[in-house]
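Here's the structure, in C-alpha cells; my notes come after.
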Amino acid sequence: MLDINFIRNHQSLVEKSSHEKGYSVNISDLLMLDDRRKALLQTVESLRRERNEVAGQMKGGKPSPELIAKGKAIKEELAKKEPELSSIEQELSDMLQQVPNIIFEDVPLGGEECSVEISNWGKKREVGVDHLDYATQRGWLDFERGAKVAGAKFYYLKDGLALLENALLQFGLKKVTEHGFHYMTVPDMVSSRILEGCGFNPRSSKQSDEYYIEGEDLAMIATAEMPLTGYHMDEIIDEKELPLCYAGYSACFRKEAGTYGKYTRGLFRVHQFNKLEMYVFCLPEDSKKTHEQIREIEEEIWQEIGIPYRVINIAAGDLGAPAAKKYDIEYWSPVNQKYQELTSCSNCTDFQARSLNIRVRRENGSIETLHTLNGTAISLARTMVALIENYAEPEGKLKIPSVLQPYFGGATEL
RNA sequence: GGAAGGGUGGCCGAGUGGUUGAUGGCACCGGUCUUGAAAACCGGCAAGUUAAUAGCUUCGCAGGUUCGAAUCCUGUCCCUUCCGCCA
C-alpha cells in the first residue's frame, strides 16, 4: 500500500496514476476519513492519558471514592470511542488497499496495446510445430488423464517433456545462482495477510485468481513471489545486508478465470505449473538499477536457450496494483505468428514492503521501507511451449539446445 | 489428533494487579585507562505514531475483568516435549 502521508502530499499524482492504471479510487474520501481518524485519535489518546494519570495517583494508598468514580467515567468514555476509532481505522486500511502503486514516468500510458517494445533478439522462425499436438503424439503430455483426475487444464508430463522440464530447471538454477541468488524452496500456500500484502486480490474479491483452502486462512500460491515477499515480513534488515536476492522454486496455482479470448492452448495457460522466480529486497535508491539487472538476467537465459524474443515496457493500464514498472519478455511464436508472454519482471518499489512491514535500518540508524522486485527466471510450462515450437521437427525429433545438452548426458536430440 | 509446558527488548533471561517500556547479563556504540588491543570502569542502546527529547500504543495475537493488566479470565496462533498417526 501507499503511505497515507504521501497520498496527502501528492493527491493529484496519486489520482492521475491510479486513473492511468484503470483503478477508480476516491482520494478525497480517503483523506477525509483520515482526518476523522486523526481527530478521534487525539480524543482517545487524551482520554488514555487522563486514565493513566488517575491510575498513577491511586497506586500505593487506598484510593478515594471520588478518584475511582473519575476513573470509571473515563473508562466508560473510552469504551465508546475506542471501537469507533478501530472501525474507522479498518475502513481506512481497506480503502488504502485499493490504491495502486504510483507508476514511473517512463511507463507508457494506455491499455495493453500501448505497451512499447524496447528491444528484441534473435531471428524469428517462419514455421514452427504446435506443442500440444507434437507432445501429445509423442506420449509426453497427457491432458486427457489430467482432466480425468483433476479437471480441465490439468496435465501429466511424461518422459521427454518431464525430463526437459527438469533440465530447464537445472539450467535456470545454474544461471540464477551464478548471479548470486540464493536458491530456496517455499511454502506452496500462504495466509491471506501475505497474499493481500503482495497486492493480490483478496479472497472476498470476485476477481481473485487464487485457490483457497476451505476452513483455513490459506491460499495456494500463484507464484513464489508470495512466500518470498512474506519471508521478511515484519523485519528490519540492516542496510549492509542488502540487496537480498532469492530464487524461489514452486508450483504455481491459478484459476485463470476471465481469460476468455486470450491464448490458452495446451501448456500455455494451465491451472498448475512450476516456476523459478527471482526476488530482490533492496535499498530504495537501487531498485531501478536492480530492475534492469533482473531484465538482463532474463534476456541472458533466453539468448542462451536460443529463443527469439522481444522486451516490452508494459503500459499503465496493464500493470497490476503493486508494480511501478514492469517488463515482459515475449517469445516469438512461429505457430501463432506473434509474440507471446514468457516472463515478466516488476519493480514494486515500497508498495509490498509497506503492507508487509519490511524495512531497512540505515547505517545512520534511521529506518525506512525498502523496495522489492520480482522476475521470472523460468516458467517451465510456457518455456516448454516455446522450446517445442522453436526446436521440434514436425513428425520428428526435438533438438536440444546446447546449454541443455549436459542435462541429457550430452544428447543433441530427443 | 491426545497430554503437558512455554511465547517478554538484537540475543539470553527476571518479572503473578499500581513509576515495569520493563531488573540483570550478552552483543553493539561512545568515553576513561593503554604505545595499540584486551580487561576493568563510566555512559548510551526497542519499535510505531507525532512537528515533538510532550502524549499515546506495543511483553505472540484478539477479546474480557479492573479505577489500573506483562501479571487475572476466555479464545486463538506458534514453539518445545511425550503419545498416536504418517512420507
Side-chain angles (χ1 to χ4, degrees), chain A residues 1-10 30-31 33-97 185-197 203 212-219 226-227 230-242 244 250-251 281 284 350-370:
Chain A
M1 61 175 69
L2 292 178
D3 177 15
I4 182 70
N5 292 316
F6 178 88
I7 295 177
R8 188 173 289 283
N9 297 329
H10 303 83
L30 190 141
L31 293 177
L33 190 65
D34 189 47
D35 289 338
R36 279 176 57 206
R37 190 197 114 251
K38 280 183 175 172
L40 193 55
L41 183 63
Q42 284 187 6
T43 308
V44 167
E45 287 193 350
S46 62
L47 280 170
R48 281 171 180 162
R49 176 187 186 171
E50 283 182 57
R51 177 197 63 194
N52 292 345
E53 281 170 358
V54 168
Q57 287 166 27
M58 278 188 230
K59 66 174 175 288
K62 352 172 192 333
S64 71
E66 293 78 21
L67 214 45
I68 289 187
K70 194 176 172 190
K72 273 191 170 168
I74 295 170
K75 178 190 172 186
E76 280 162 21
E77 188 65 14
L78 266 175
K80 278 191 287 187
K81 299 289 187 190
E82 280 181 330
E84 206 179 317
L85 179 63
S86 64
S87 119
I88 287 182
E89 283 175 338
Q90 182 59 51
E91 196 182 336
L92 187 67
S93 150
D94 289 348
M95 282 178 87
L96 264 178
Q97 198 84 37
T185 62
V186 300
D188 281 351
M189 297 186 207
V190 292
S191 67
S192 59
R193 183 178 168 205
I194 303 287
L195 182 102
E196 289 167 32
R203 188 171 202 154
Y212 290 91
I213 307 301
E214 192 174 344
E216 307 267 353
D217 182 32
L218 285 173
M226 294 173 176
Y231 188 71
H232 285 301
M233 176 169 78
D234 291 327
E235 291 183 21
I236 299 173
I237 297 164
D238 278 338
E239 177 173 358
K240 59 177 184 288
E241 310 247 351
L242 297 179
L244 286 167
S250 77
F281 299 85
D350 58 4
F351 190 84
Q352 295 175 325
R354 182 170 298 103
S355 297
L356 292 180
N357 197 26
I358 309 170
R359 294 167 295 176
V360 53
R361 179 179 278 112
R362 296 284 193 172
E363 299 286 0
N364 68 14
S366 70
I367 287 168
E368 63 188 289
T369 305
L370 49 67

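Per chain, numbering begins at 1; letters A, B, ... match sequence-line order.
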Looking at [N], which nucleotide sits across from it as a Watson-Crick or G-U wobble partner, both distances under 3.5 angstrom, or is there none?
{"N": "B/C85", "result": "none"}
{"N": "B/G5", "result": "B/C79"}
{"N": "B/A46", "result": "B/U58"}
{"N": "B/A37", "result": "none"}
{"N": "B/C26", "result": "B/G10"}
{"N": "B/A70", "result": "none"}
{"N": "B/G17", "result": "none"}

Roughly how many Å is it from [atom1] in [X] to [atom2] in [N], rounded to a whole number?
{"X": "A/E77", "N": "B/U66", "atom1": "CD", "atom2": "P", "answer": "18 Å"}
{"X": "A/E82", "N": "B/C56", "atom1": "CD", "atom2": "P", "answer": "13 Å"}
{"X": "A/I74", "N": "B/C67", "atom1": "CD1", "atom2": "P", "answer": "12 Å"}
{"X": "A/D234", "N": "B/C61", "atom1": "CG", "atom2": "P", "answer": "11 Å"}
{"X": "A/D217", "N": "B/C61", "atom1": "CG", "atom2": "C1'", "answer": "13 Å"}
{"X": "A/I68", "N": "B/G18", "atom1": "CD1", "atom2": "P", "answer": "15 Å"}
{"X": "A/R193", "N": "B/A62", "atom1": "CZ", "atom2": "P", "answer": "11 Å"}
{"X": "A/N357", "N": "B/U58", "atom1": "CG", "atom2": "P", "answer": "17 Å"}

Separation between the [atom1] atoms of [N] and [M], rounded to whole Å:
{"N": "B/A22", "M": "B/A39", "atom1": "C1'", "answer": "31 Å"}
{"N": "B/U32", "M": "B/A38", "atom1": "C1'", "answer": "15 Å"}
{"N": "B/G55", "M": "B/G5", "atom1": "C1'", "answer": "40 Å"}
{"N": "B/A4", "M": "B/A54", "atom1": "P", "answer": "46 Å"}
{"N": "B/C28", "M": "B/C78", "atom1": "C1'", "answer": "29 Å"}
{"N": "B/A14", "M": "B/G7", "atom1": "C1'", "answer": "15 Å"}
{"N": "B/G10", "M": "B/U35", "atom1": "P", "answer": "39 Å"}
{"N": "B/G36", "M": "B/G24", "atom1": "C1'", "answer": "32 Å"}

Checklist entry - For A/V44 and A/G71, take the nucleotide of RNA chain B holding the closest heavy atom to each; which residue's nucleotide lies nearer the 5' end? => result A/V44
Checklist entry - In terms of the nearest nucleotide of RNA chain B, which residue is placed more toward the 5' end: A/K72 or A/R51? => result A/R51
Side-chain contact test, heavy atoms from C-beta onward, threshold under 4.5 Å: evaluate it for [X] versus [Y] and give yes or no.
{"X": "A/D234", "Y": "A/L356", "value": "no"}
{"X": "A/L218", "Y": "A/Y212", "value": "no"}
{"X": "A/L40", "Y": "A/E84", "value": "yes"}

Report, one pair per line, the protein and nucleotides 47-50 of chain B atoms (nitrogen or oxygen only) whose separation is under 3.5 Å.
{"unit_1": "B/G48", "atom_1": "OP1", "unit_2": "A/R359", "atom_2": "NH1", "d": "3.3"}

Checklist entry - Could you state the interatomic distance from CD (A/E235) to CZ (A/R361), rounded to the nearest 0.5 Å? => result 12.0 Å
Checklist outcome for this item: Within residues 85-96 of chain A, the residues having a heavy atom closer than 4.0 Å to RNA chain B are none
Checklist entry - Does A/N52 put a side-chain nitrogen or oxygen below 4.0 Å from OP1 or OP2 of B/C56? => result yes
Lys/Arg N to Asp/Glu carboxylate O, [X] vs [Y], below 4.0 Å:
{"X": "A/K72", "Y": "A/E77", "answer": "no"}
{"X": "A/E368", "Y": "A/R359", "answer": "no"}
{"X": "A/E45", "Y": "A/R49", "answer": "no"}

Next on the checklist: Suppose the criterion is salt bridge (Lys or Arg N to Asp or Glu O under 4.0 Å): which pairs have a residue in residues 34-44 of chain A, not counting sequence neighbours?
Outcome noted: A/R8-A/D34, A/R8-A/D35, A/D34-A/R37
Checklist entry - In terms of side-chain heavy atoms, does A/S191 have a donor or acceptor partner in A/D217 at a distance below 3.5 Å? => result no
Item to check | A/D238 side chain vs A/K240 backbone, donor-acceptor pair below 3.5 Å | outcome: no
Next on the checklist: Any side-chain to backbone donor/acceptor pair from A/R354 onto A/M1? Under 3.5 Å, distance only.
Outcome noted: yes
Item to check | Nucleotide nearest A/A55 (side chain, heavy atoms from C-beta), chosen from B/U57, B/G55, B/G68 | outcome: B/G68
